[in-house]
Amino acid sequence: QKEVEQNSGPLSVPEGAIASLNCTYSDRGSQSFFWYRQYSGKSPELIMSIYSNGDKEDGRFTAQLNKASQYVSLLIRDSQPSDSATYLCAVRNTGNQFYFGTGTSLTVIP
Amino acid sequence: GAVVSQHPSWVICKSGTSVKIECRSLDFQATTMFWYRQFPKQSLMLMATSNEGSKATYEQGVEKDKFLINHASLTLSTLTVTSAHPEDSSFYICSARVMDRVSEQYFGPGTRLTVT
């Protein structure tokens with residue numbers, strides 16, 4: 001079983017819609033969770049971090065964490081074409097190691 | 001804040017030569033830096049963890065004698081790809097962990113290596 005799993009997509013949403021990206025992880029004791037955005041040919045950039053159960057909102061982005069289900073998600077409201085990218089979920093596990101998912105490709109259609 | 005730079009941004013080298021890639025934290029001290037490799041349309045693969053003043057820890061399957069890592073200061077880590085082969089052509093990305101905020105790591109812009 002992979003440490004972090006994501007649906008590779010591609011996910012397509014119309015402009016203005018909500019994009020929902022999902023991620024599951026295997027180490028139940030993990031405490032830190034991150035979402036990165038990676039444009040083609042560029043390195044990842046940190047969008048959100050979340051450490052406790054529930055929702056964390058930052059502008060159009062909302063991260064949701066459910067430790068009981070070992071599930072973390074990212075919602076993007078009012079999606080824009082500039083949001084089109086690959087979104088990487090990352091988890092810092094109990095061994096203090098970072099693991100990345102394979103990424104979900106998002107396309108926002110104008 | 002938390003800016004990480006890499007140099008060079010791209011490099012083309014001949015098979016059998018060595019290439020050095022630098023990773024610098026510009027506005028913070030990083031006791032730990034990470035080196036990743038990413039092949040086209042694939043996710044990041046952690047190659048090694050570099051701690052300032054000590055030997056790097058390599059992930060399983062990564063040859064430490066081929067990928068030499070040096071972390072001589074709190075702001076600089078280098079990755080040297082020795083005796084490069086075409087299969088080493090990839091996007092190499094470093095990241096640095098902010099010293100007092102171990103949960104956060106920031107990525108450099110990456111170095112695209114092409115071995116001919």
Side-chain angles (χ1 to χ4, degrees), chain A residues 2-11 21-25 27 29-52 56 58 63 65 67 72 84-107, chain B residues 1-10 21-25 28 30-51 56-60 62 79 89-99 101-114:
Chain A
K2 292 182 180 178
E3 291 279 344
V4 180
E5 298 207 50
Q6 291 181 254
N7 187 329
S8 62
L11 173 67
L21 305 161
N22 304 314
C23 173
T24 58
Y25 58 95
D27 185 343
S30 298
Q31 296 294 322
S32 307
F33 308 88
F34 309 88
W35 282 100
Y36 289 83
R37 177 176 61 198
Q38 185 177 24
Y39 292 111
S40 180
K42 303 293 184 182
S43 66
E45 57 178 322
L46 180 66
I47 300 175
M48 294 278 289
S49 58
I50 186 167
Y51 306 102
S52 55
K56 179 181 178 182
D58 184 0
L65 175 61
K67 290 185 179 180
V72 58
S84 299
T86 296
Y87 289 80
L88 301 170
C89 171
V91 175
R92 185 169 69 91
N93 68 5
T94 50
N96 207 32
Q97 296 167 302
F98 272 81
Y99 286 95
F100 286 85
T102 52
T104 298
S105 174
L106 171 67
T107 300
Chain B
V3 178
V4 178
S5 71
Q6 276 185 247
H7 177 80
S9 56
W10 61 270
I21 303 170
E22 292 185 349
C23 176
R24 292 181 185 273
S25 57
F28 66 98
T31 52
T32 304
M33 290 185 174
F34 305 89
W35 286 96
Y36 296 85
R37 181 167 53 183
Q38 187 176 36
F39 293 107
K41 299 189 183 302
Q42 295 186 25
S43 188
L44 297 169
M45 186 193 79
L46 179 65
M47 299 175 67
T49 301
S50 166
N51 292 298
T57 302
Y58 290 82
E59 295 299 303
Q60 191 173 8
V62 178
L79 167 68
S89 299
S90 186
F91 192 42
Y92 291 86
I93 308 172
C94 75
S95 71
R97 179 180 289 171
V98 181
M99 192 164 68
R101 289 180 276 165
V102 294
S103 291
E104 298 179 14
Q105 58 173 316
Y106 294 88
F107 287 87
T111 297
R112 188 161 301 283
L113 169 65
T114 302

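Because only heavy atoms are used, hydrogens play no part in the values below, and waters and symmetry mates are left out as well, while side chains stay in. Model, not experiment: these values are computed from the prediction. Each chain gets a letter, A, B and so on, in the order its sequence line appears, and its residues count up from 1.
Within a 6.0 Å radius of NZ in A:K42, other residues, nucleotides and ligands contribute 12 heavy atoms or fewer.
Interface check for chain B: of the options A:G103, A:A90, A:P44, the most heavy-atom pairs under 4.5 Å are formed by A:P44.
With a 4.5 Å cut-off on non-hydrogen atoms, A:Q38 touches chain B through its side chain but not through its backbone. Contacts of A:T102 with chain B are made by both backbone and side-chain atoms, with heavy-atom separations under 4.5 Å.
Scanning for ring pair (Phe, Tyr, Trp, His ring centres under 6.0 Å) contacts around B:Y36 gives A:F100, B:F107, with sequence neighbours left out.
Distance check: B:Q38 CD to A:S43 OG gives 9.0 Å after rounding to the nearest 0.5 Å.
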